[in-house]
Amino acid sequence: MSSSVRLTRRFYRRDPVTLAKALLGKILVRRLEDGRELAGKIVEVEAYLGIEDRAAHSFGGRRTARNASMWGDAGHAYVYFTYGMHWCVNVVADRDEVPTACLIRALEPLAGIEEMRRRRGRERGVDLCSGPAKLTQALAIDRALDGADLVEGGELYIVRGARGRRVIERSPRIGVAYAREWAGKPLRFFIAGNPHVTGQKKFEGAVPPKKRRPLSRGEKSKT
DNA sequence: ATGACGATTTACT
DNA sequence: GTAAATCGTCATA
């Protein structure tokens, strides 16, 4: 992993929507103190647009001890604690003093999977890293990594993944129903069809999902 | 000092 | 589908 090309400051210094889409397919690497590396491909990201965005922690220009990292320069981690028990990790976007970020919501585990399983506890399959708080637990990311530099630092960084076609889908963000007109904006991005994306129906075994019957005339879609 | 709440997960009905 | 878990953070006083 460490032999791969690390993303530069320039890569991160973009608006959060562009950055979110660009992050899909990249590889998030966590180097533990003992040198072991845990890594996963980023398959789901959300963009938080800053002061104007009612769903963002920086909405209305809010600047507190907790969200300080969001106001910093691009290419740093913004790690926050929520619901009394969970940590979530963001990649800070834009330039210094512009509080935008991308929430990493899901990874496809690539390296250190046994260690991830151990950290997650119990038997875990496809849901090892399929959720913003699940992946921080799996990769040992907490307050100690808030503000960590992804460009210069050694404990958390992102590298370019294999090049290849990525079909990107988008949807409204998860868990921001309170954000009024911002709740419905399609600022969640994910790799189409990837089973590690959150909210995926799981099909155990080899039985494929039933093909959907075409809608008949005048019939309304349920989705 | 206090109270309300959350960019979630999990277990259970 | 519904609810509990669980506590740092922040606004208000």
Side-chain angles (χ1 to χ4, degrees), chain A residues 12 15-17 19-21 23-24 28 40 42-72 74 76-94 98-107 109 116-148 156 169-190 195-202 204 222-223:
Chain A
Y12 296 109
D15 71 88
V17 170
L19 179 59
K21 289 188 268 195
L23 283 171
L24 291 174
L28 178 66
I42 297 172
V43 298
E44 179 179 342
V45 181
E46 283 175 357
Y48 285 83
L49 308 201
I51 294 175
E52 58 176 340
D53 182 356
R54 204 170 261 286
H57 290 162
S58 53
F59 173 66
R62 213 165 70 117
R63 186 171 196 164
T64 65
R66 177 168 84 144
N67 72 6
S69 300
M70 232 183 143
W71 290 82
H76 292 256
Y78 165 40
V79 181
Y80 68 88
F81 184 72
T82 192
Y83 290 106
M85 63 193 98
H86 301 303
W87 297 97
C88 295
V89 62
N90 292 252
V91 173
V92 177
D94 275 317
V98 180
T100 61
C102 299
L103 172 68
I104 307 298
R105 287 193 52 89
L107 303 174
M116 294 185 195
R117 243 192 270 284
R118 196 182 68 72
R119 291 185 174 275
R120 288 276 291 132
R122 314 194 181 189
E123 284 302 308
R124 302 291 180 182
V126 73
D127 58 342
L128 253 190
C129 294
S130 56
K134 294 178 184 176
L135 70 92
T136 55
Q137 184 179 32
L139 299 206
I141 295 171
D142 63 15
R143 138 151 279 142
L145 288 179
D146 183 35
L156 190 66
E169 257 181 274
R170 61 192 300 174
S171 82
R173 293 171 293 186
I174 307 297
V176 297
Y178 58 85
R180 303 208 208 164
E181 75 272 19
W182 285 86
K185 294 190 188 285
L187 296 172
R188 168 174 174 258
F189 303 90
F190 55 98
H196 300 276
V197 167
T198 64
Q200 300 294 101
K201 287 178 183 166
K202 309 202 172 47
E204 308 287 346
K222 290 174 209 163
T223 58

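Note that the structure is predicted; figures quoted are calculated from it, not measured.
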Q) Have A:Asn67 and A:Ser58 got a donor and an acceptor in their side chains that come within less than 3.5 Å? A) no
Should A:Tyr12 and A:Leu19 be marked as a side chain to side chain contact (heavy atoms under 4.5 Å, CB included) after you check the CA-CA gap, both sets of side-chain angles, and the distance that decides it?
-> CA-CA 7 Å; A:Tyr12 296 109; A:Leu19 179 59; 4.2 Å; yes
Sequence neighbours excluded, the answer for ring pair (Phe, Tyr, Trp, His ring centres under 6.0 Å) partners of A:Tyr80 is A:His57, A:Tyr78
For residues 131-142 of chain A, the side chain to side chain donor-acceptor pair (under 3.5 Å) pairs (sequence neighbours left out) are A:Arg120-A:Gln137
message: For the residue pair A:Gln200 / A:Ser130, report whether a side-chain donor-acceptor contact shorter than 3.5 Å exists.
response: no
* Contact class for A:Ala179 vs. all strands (heavy atom < 4.0 Å): base, sugar-phosphate, or nothing? -> nothing
In short, A:Pro186 meets A:Arg170 closest at the heavy-atom pair O-NH2, 2.7 Å
Exercise for the section: For A:Arg63, answer base if it contacts any base atom (sugar-phosphate contacts may also be present), sugar-phosphate if it contacts only those atoms, and nothing otherwise; contact means non-hydrogen atoms under 4.0 Å. Expected result: nothing
Once base and sugar-phosphate atoms are separated, protein heavy atoms under 4.0 Å mark nucleotides 2-13 of chain B, 5' to 3', with B, S and - as ----BBBSSS--
First and last nt of DNA chain C near chain A, cut-off under 4.0 Å to heavy atoms, 5' to 3', are C:dA5 to C:dA11
Heavy-atom nearest pair, A:Pro16 first then A:Cys102, reads O-SG, 3.2 Å
So CD1 of A:Ile51 and CZ of A:Arg63: to nearest 0.5 Å the spacing works out to 9.5 Å
Notebook entry, point to check: Quick one: does A:Glu46's side chain have a donor or acceptor within less than 3.5 Å of a partner on A:Arg105's backbone?
Noted result: no
Stems of at least 3 consecutive Watson-Crick or G-U wobble pairs (donor-acceptor distances under 3.5 Å) involving DNA chain B, listed by first number, are B:1-6 with C:7-12, B:8-12 with C:1-5
Residue set satisfying ring pair (Phe, Tyr, Trp, His ring centres under 6.0 Å) with A:Trp182, at least two apart, ordered chain then number -> none
